[in-house]
2 protein chains.
Amino acid sequence: MTSLSIAEAAEQTGLTAHTLRYYERDGLLLHSVERASSGHRRYTDDDLRWIQMVTRLRSTGMPIRDVRRYAALVREGDGNEAERLELLLAHREVVERQLAEVTSHLRAIDYKIALYEGKLAPTE
Amino acid sequence: MTSLSIAEAAEQTGLTAHTLRYYERDGLLLHSVERASSGHRRYTDDDLRWIQMVTRLRSTGMPIRDVRRYAALVREGDGNEAERLELLLAHREVVERQLAEVTSHLRAIDYKIALYEGKLAPTE
DNA sequence: GCTTGACTTGGAGTGCGCTCCAAGTCGGAG
DNA sequence: CTCCGACTTGGAGCGCACTCCAAGTCAAGC
């Protein structure tokens with residue numbers, strides 16, 4: 001089991017050290033990250049795996065507040081899987097609606113782009 | 001040519017009256033909206049069409065600042081189509097990268113969802 | 001033993017995109 | 001003439017998600 005400094009964890013996860021501390025403070029992680037005798041954080045593989053899940057939720061647009069709720073459910077342990085599932089399904093719906101909206105707006109923008117390209121090609 | 005009050009324009013565009021004023025102040029519109037003798041804004045069809053384009057750019061994630069740049073180019077009139085095209089193409093790239101990222105993260109979340117569903121179905 | 005560099009903390013600051021407030025104006029209904 | 005409701009303005013405030021700062025600690029190298 002490797003154990004990484006905050007800088008290494010930042011590199012691995014694509015987050016900044018600032019953000020890693022912020023997530024921990026804000027209750028997005030399952031528990032406080034272990035410390036070396038120096039007091040420096042040491043990230044385990046499990047930590048990184050969870051942070052990856054957090055990153056997935058965040059970069060699909062889930063608000064910090066909801067990630068915290070999800071983390072709290074997982075922290076509680078077995079017995080609330082239905083609730084976790086509900087939360088994920090609700091999020092999934094939001095994301096899909098959003099994807100559809102962005103896609104349709106992008107098509108309209110593509111149409112505009114085609115106009116400009118058509119306008120550019122013939123005229124000198 | 002119809003001409004709408006700010007409340008009606010808000011309803012039509014899905015924005016709030018606050019946001020419509022804010023966009024105008026911030027230079028996202030092509031020109032100041034016309035006024036009735038009372039001083040109240042009157043939105044024309046052209047205004048609404050442009051606001052729709054702004055909405056498309058915004059809801060695909062283009063920052064206000066870039067929408068303002070695009071509006072400035074259009075305001076300038078003929079001659080900078082290449083620049084407008086460049087801006088739209090750059091935006092398009094960003095959006096597509098983002099769509100791809102969100103989609104792939106969503107797949108990972110779907111996998112998690114499947115786990116929970118599988119866990120729920122068999123056990124009682 | 002001193003310096004260096006990577007870390008620690010609480011708390012303040014930032015950027016974005018609205019969102020709202022207070023005070024005022026206007027046109028029309030009663 | 002008075003009231004109402006829809007609007008006007010400049011400017012303040014807000015929520016979100018970081019992002020940074022100052023001051024301090026620690027381990028290792030010279």
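Order of the sequence lines sets the chain letters (A, B, ...), proteins ahead of strands, with each chain counted from 1. Only this structure's heavy atoms are used, side chains among them; waters, hydrogens and symmetry mates stay out.
The nearest whole Å value for the distance from the CD atom in B:E8 to the C1' atom in D:dC7 is 12 Å. One atom, CZ of A:R35, and another, C1' of D:dA27, lie 17 Å apart when rounded to the nearest Å. Here the P atom of nucleotide D:dC18 and the CD atom of A:E24 are 15 Å apart, to the nearest Å. Rounded to a whole Å, the CG atom of A:L20 is 16 Å from the P atom of D:dA17. D:dA17 atom P lies 14 Å from atom CG of A:L15, rounded to whole Å. A:D66 places its CG atom 13 Å from the C1' atom of D:dC16, with the value rounded to the nearest Å. For A:R68 and D:dG15, the CZ to C1' distance is 13 Å, given to the nearest whole Å.
Residue-environment remark: CD (B:E11) stays at or below the threshold of 12 foreign heavy atoms within 6.0 Å. Counting non-hydrogen atoms of other residues, nucleotides and ligands closer than 6.0 Å to CD of A:E86 gives a total of 12 or fewer.
When heavy atoms are screened at a 4.0 angstrom cut-off, A:A7 is found touching the sugar-phosphate backbone but no base atom.
Using modelled atom types, one finds no donor on one side chain facing an acceptor on the other under 3.5 Å when comparing B:S5 with B:H40. Under 3.5 Å, the side chains of B:H105 and A:S59 contain a donor-acceptor pair of N or O atoms.
The footprint of chain A on DNA chain C, defined by a heavy-atom cutoff below 4.0 Å, extends from C:dA6 to C:dG11.
In summary, A:R107 and A:D110 do not engage in a salt bridge, as defined by a charged side-chain N under 4.0 Å from a carboxylate O. At a threshold of 4.0 Å, the pair A:R97-A:E93 counts as salt-bridged, since one of the basic side-chain nitrogens sits closer than that to a carboxylate oxygen.
Where A:R42 and B:M62 meet DNA chain C, the nucleotide closest to each residue was compared, and A:R42 sits on the side nearer the 5' end. The 5' end of DNA chain C is approached more closely, in terms of each residue's nearest nucleotide, by A:I6 than by the other of B:S38 and A:I6. Mapping A:G39 and A:Y23 onto DNA chain D by nearest heavy atom places A:Y23 closer to the 5' end of the strand. Where A:H18 and A:S37 meet DNA chain D, the nucleotide closest to each residue was compared, and A:H18 sits on the side nearer the 5' end.
Side-chain contact between B:Y22 and B:L28: absent, with no pair of heavy atoms (C-beta onward) separated by less than 4.5 Å. Under the 4.5 Å side-chain criterion, counting only non-hydrogen atoms from C-beta, B:R56 is not in contact with A:L106.
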Practice problem: Could you go through the side chain to side chain donor-acceptor pair (under 3.5 Å) check for A:R84 and B:Y116 one step at a time? | Solution: CA-CA 8 Å; A:R84 295 184 212 171; B:Y116 278 124; 2.8 Å; yes
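A sub-4.0 Å separation between OP1 or OP2 of D:dC7 and a side-chain N or O of B:R21 is absent.
Comparing D:dT19, D:dA6, D:dG11 by their closest approach to the side chain of B:H40 singles out D:dA6.
For the helix from C:dG1-D:dC30 to C:dG30-D:dC1, the end axes, each set by the C1' atoms of five terminal pairs, are bent relative to each other by 20° (nearest 10°).
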